[in-house]
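Note that the numbering runs from 1 along the sequence shown for the chain.
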Amino acid sequence: MKNQIHKIIYIWALLLPLLAFQASAQSTVVTGLITDAKDKDPLPYVTVLFKGTNIVTRSDADGKFSISTSEKQSQIQFSFVGYKTKVIDIKSGETQNISVKLDPDATSLNEVVISRGKRPSYKNKGNPAVELIRKVIEHKDANRMESYDQVQYKQYEKMVFSMSNLSDKFKDKRLFRKYQFLFEEQDSTKIGGKNILPIYIEEKISQNYYNKNPEKNKTIVLGDKHVDYNTPLIDTKGMSQYFERMYAHVDIYDNNISLLSNEFLSPIAGSSPTFYKFFITDTIKTHNPQLIELSFIPRNNTDILFEGKIYITMDGRYAVQDAFLTVNKNINLNFVRAMEVKLDFDKAPDDRYYLSKTRLLMDFGVNKNKGGGFTGERTVTVKDFQINQKQAESVFQGGKMVVSPEAEKRSEQFWVENRADTLSPSDLKIYKNIDTLSRMSSFKKTMDIVTLLFAGYKDFGPFEVGPVNTFYSFNSTEGLRLRLGGRTTPALSKRYYFETYGAYGFKDEKWKYFLSGTYSLNNKSIYAFPQQYIRGSFQRDTKIPGQELQFVQEDNFLLSFKRGENNMLLYNDFYKVEYMSEFENHFSYNVSFRKWTQRPGGDLYFNNLVGNQLNAIDHINTSEVSVALRYAPNEKFYQGKIYRTPIFDRYPIFNLRYTAGLKGVFGGEYNYQNLAGSIDKRFYLSQLGYSDVTVEGGYIFGKVPFPLLTIHRANQTYAYQLNSYNLMNFLEFVSDHYASLNIDHNFNGFFLNKIPLLKKLKLREIVSFKILYGGLRDENNPAVDKSLLQFPVNSAGVATTYSLNKDPYMEGSVGLGNIFKLLRVDLVKRFSYLEHPVVSTWGVRARVKFDF
């Protein structure tokens, strides 16, 4: 849940308190159908706007449209090539539906001849538009940048983000009296309404190189300029990475285009004729070479697909010379009111075309039809495009991306001379405005409240208290549990960091506490990439056997509600020292030493057999040294100043850990070695969605008691946990060797989008399957070796802990996601080991999941 909330913090943290005022504003909403006045056929892609404004939309493939504003507007205008422009009076402040009939313009029809009649059913076979798109697909490889032996170019990027669709009434509210300098009127035709409040701007200039054989890429960032919010919640670099993830590079020659964490099928992908309908809508004879305007729409308007137009050169190369991409208003995409992608291509020295400019514009809102929202625009401009000029090997040495030490220190003269586009006066003002805003005490107080609500911490400058959701919890062993803690921030020191908490259980009447101190070795925040630090810590607390805090936060109040019996806990004392080192290529290693004492709690007991008599053991001591290796190529993060969460993406994540138990060292009682590894990867399957796959395995060498075996991750809460077995009981299975596979597949509504009425709910189908093989060697099986700690039993004397035999543990689920845009509910089925006591064969689990 925490990971999912991080995904929306950057977008909504600043916005939600403000949008609440705007949502109540009275809106003018106009919907309707546009048809040809003569033959009554619907007209697609008609431009619709409130007259005299820049609030604009287009009709969809069926001639339907929807447009809204919080401004007072009395007229709406319709225009389309080959038809007379029409203006219709509307009622301001009301929701209304109108029918619009456009008359053919005889003058325009002399230039563009369009033959219309009864529309036959759409077919690919014999369709000249489909034959044309197949030619484009056939020539794709020859028209993309990778067809050259060498390429080099300079690139300028600009990202601007603003609150949008703001009314004058909203702007004049008391809350914003001190912030009037922030508001702007839009100075160009953009989606998002008239009044905007810019909140972020970033510019980058880079030199880029590509070599085909062997394939190499290099990007050297020469300049990097952005606003800086001086708040604990917002880290500018993390903000930049998040926006780059949302507004990824758009290459129409790729089969799939990644935007908003979704894969959009390109209209010129190999399988595009299966999912799109294509129409030849114009011939541009004035252009050299001659162009064909090819319009396209999705066969199903709720699928993750584009609609729009591409312009194809008729010179035998069938290259894309221009493209306009947008999405249907019914698309199964959350919070997105509108999206526009404009691609411009220029001629290379060999008369082929290269992508010279990309303009990506998106408008977001909680309500797609009214209220304030959020508009983001990314513009990428390419200059000095050169081909087939061989570069020295030294150019490609080091990482794929290198940031010049002077990148963030460039003078204003450097930017004036190197910007590929002229920055508008309103964009230039953003730098000054945000700097002024970040110094205002009223803004700092507002951000203090936002940090508490969204991150769960109350900021006191050098120290912050939290997280809030751990202040109160309960379980059967500790009863009511109260906890209070916090951590230092970079405001205290960029070198030294401390974290602590204290907790008390009213039933077991025991204090728990934690204290850690960390020293940063690279003078960066310990949460910033790349990490390099030394940390020492001590923790005395309870833990569910086999659970790690990254999977189950036992202090979290919502996870206090559990099914079945939950009366076995461990009381742990941890003394730990670790060294962490991370490299720019996303390889890292962690070396640690831990002294660990475990005591049984609740109904859990440590017993072994001496003869036929049970012998109670108070505790076990372990001393361990561990080396953990991690490699995550091309990894990106949701980054804050005091947290960092990796983004699960198409690139694999490799983990390998070796742990050695040291008998006789600081009281350690056992010699053993534990080797464990995992691979995590997301597989995108285009229109069929994506699969998150985890492969994991481990082997323990040596003789150990059951608390030191691999206790497989179980889940007895009612929350669906991706990395746990949701119908396995706590401490049900232990192994000294195991292998597992976890597949979680999200179809993104591929099937439900095609069911009438149901598709309006925009639900998304999810299936998962988990399988675990494992076992115990005789030396670690207490049924064979009575000197080992015996497996736990319940109050009736029935064993509740087992080893896996030849049969694997298996469970699967089917679920619905995107319920109310934030909830996933799964029906989970357990397939094996059903004879064990107090197990659930079926279960319903829920998970909060914010996603686009």
Next item on the list: Show your reasoning for whether side chain to side chain donor-acceptor pair (under 3.5 Å) applies to Glu157 and Gln155.
Entry: CA-CA 7 Å; Glu157 301 176 53; Gln155 180 170 290; 3.2 Å; yes
Would you say that [X] contacts [Y] through its side chain, given a criterion of any heavy-atom pair below 4.5 Å between the two side chains?
X: Tyr311; Y: Asp282; result: no
X: Val30; Y: Gln73; result: no
X: Leu758; Y: Phe751; result: no
X: Asn334; Y: Asn818; result: yes
X: Phe747; Y: Val767; result: yes
X: Gln687; Y: Asn300; result: no
X: Lys329; Y: Asn301; result: no
X: Val395; Y: Gln152; result: no

Determine whether a donor-acceptor pair (N or O, by modelled atom type, separation under 3.5 Å) exists between the side chain of [X] and the backbone of [Y].
X: Asn211; Y: Pro214; answer: yes
X: Asn330; Y: Asn328; answer: no
X: Ser272; Y: Pro267; answer: yes
X: Thr57; Y: Phe65; answer: no
X: Arg352; Y: Ala142; answer: yes
X: Thr85; Y: Ser79; answer: no
X: Lys400; Y: Thr219; answer: no
X: Thr302; Y: Asn753; answer: yes
X: Glu765; Y: Leu752; answer: yes
X: Asn388; Y: Asp149; answer: yes

Does a salt bridge link [X] with [Y], judged by any charged N lying under 4.0 Å from a carboxylate O?
X: Lys754; Y: Asp303; result: yes
X: Arg144; Y: Asp254; result: yes
X: Asp744; Y: Arg824; result: yes

[X] [atom1]: over 12 foreign heavy atoms closer than 6.0 Å:
X: Tyr651; atom1: OH; value: no
X: Lys347; atom1: NZ; value: yes
X: Lys681; atom1: NZ; value: yes

With a 3.5 Å cut-off and sequence neighbours excluded, list the donor-acceptor pairs that the side chains of residues 319-327 form with protein atoms.
| residue | atom | partner | partner atom | Å |
| --- | --- | --- | --- | --- |
| Asp322 | OD1 | Lys342 | NZ | 2.8 |
| Asp322 | OD2 | Lys342 | NZ | 3.1 |
| Thr326 | OG1 | Met339 | O | 2.6 |

Note to self: Is there a side-chain contact (heavy atoms from CB on, under 4.5 Å) between Val336 and Ile331? Walk through the geometry before answering.
What the structure shows: CA-CA 9 Å; Val336 178; Ile331 191 173; 6.0 Å; no
Geometric class of the [Y]/[X] ring pair [parallel <30°, tilted 30-60°, perpendicular >60°]:
X: Phe306; Y: Phe264; value: parallel
X: Tyr153; Y: Phe385; value: parallel
X: Phe278; Y: Tyr276; value: tilted
X: Phe161; Y: Phe374; value: parallel

Note to self: We want to know whether Lys140 and Asn255 form a side-chain donor-acceptor pair, criterion being a heavy-atom distance below 3.5 angstrom.
What the structure shows: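 Asn255 and Lys140 do have a side-chain donor-acceptor pair below 3.5 Å.
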Item checked: Leu265/Asn256 under side-chain contact (heavy atoms from CB on, under 4.5 Å): CA gap, chis, key distance, verdict -> CA-CA 5 Å; Leu265 187 73; Asn256 293 283; 3.7 Å; yes
Next item on the list: Take Glu263 and Arg650, measure what salt bridge (charged side-chain N to carboxylate O under 4.0 Å, His left out) needs, and give me the verdict at the end.
Entry: CA-CA 11 Å; Glu263 294 277 295; Arg650 66 178 73 249; 2.6 Å; yes
Which atoms form the tightest heavy-atom contact between [X] and [Y], and what is the distance?
X: Leu355; Y: Val250; answer: CD2-O, 3.6 Å
X: Ile252; Y: Ile257; answer: CA-CD1, 4.1 Å
X: Ala129; Y: Asn127; answer: N-OD1, 2.9 Å
X: Asn217; Y: Tyr210; answer: OD1-CD1, 3.3 Å
X: Gly316; Y: His139; answer: O-NE2, 3.5 Å
X: Ile76; Y: Phe78; answer: CG2-CE1, 3.5 Å

Nearest 0.5 Å, what's the [atom1]-[atom2] distance between [X] and [Y]?
X: Leu360; Y: Leu259; atom1: CG; atom2: CG; value: 6.0 Å
X: Leu132; Y: Tyr318; atom1: CG; atom2: OH; value: 7.0 Å
X: Ile310; Y: Phe345; atom1: CD1; atom2: CZ; value: 9.5 Å
X: Lys212; Y: Gln150; atom1: NZ; atom2: CD; value: 10.0 Å
X: Leu33; Y: Lys101; atom1: CG; atom2: NZ; value: 10.0 Å
X: Ile67; Y: Ser59; atom1: CD1; atom2: OG; value: 11.5 Å

Notebook entry, point to check: Cation-pi between Lys154 and Tyr156: NZ/CZ under 6.0 Å from ring centre and within 45° of the ring axis?
Noted result: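 So Lys154 doesn't make the cation-pi contact.
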Notebook entry, point to check: Step by step, would you call Phe50 with Thr28 a side-chain contact (heavy atoms from CB on, under 4.5 Å)?
Noted result: CA-CA 10 Å; Phe50 290 106; Thr28 302; 4.3 Å; yes
Margin query: Go through it in stages, so that I can follow the logic: the residues are Arg764 and Asn332, the test is side chain to side chain donor-acceptor pair (under 3.5 Å), and I'd like the CA-CA distance, side-chain angles, deciding distance and then a yes or no.
Written below: CA-CA 9 Å; Arg764 299 170 185 173; Asn332 193 341; 3.1 Å; yes
Margin query: Could you go through Ile387 and Tyr354, starting from their C-alpha distance and side-chain angles, then the distance that decides it, and tell me whether this counts as side-chain contact (heavy atoms from CB on, under 4.5 Å)?
Written below: CA-CA 11 Å; Ile387 60 173; Tyr354 70 93; over 6 Å; no
Next item on the list: Please report the C-alpha distance between Ser813 and Ser768 in whole Å, then the side-chain angles of each, then the deciding distance to 0.1 Å, and finally whether the side chain to side chain donor-acceptor pair (under 3.5 Å) criterion is met.
Entry: CA-CA 5 Å; Ser813 72; Ser768 74; 2.5 Å; yes
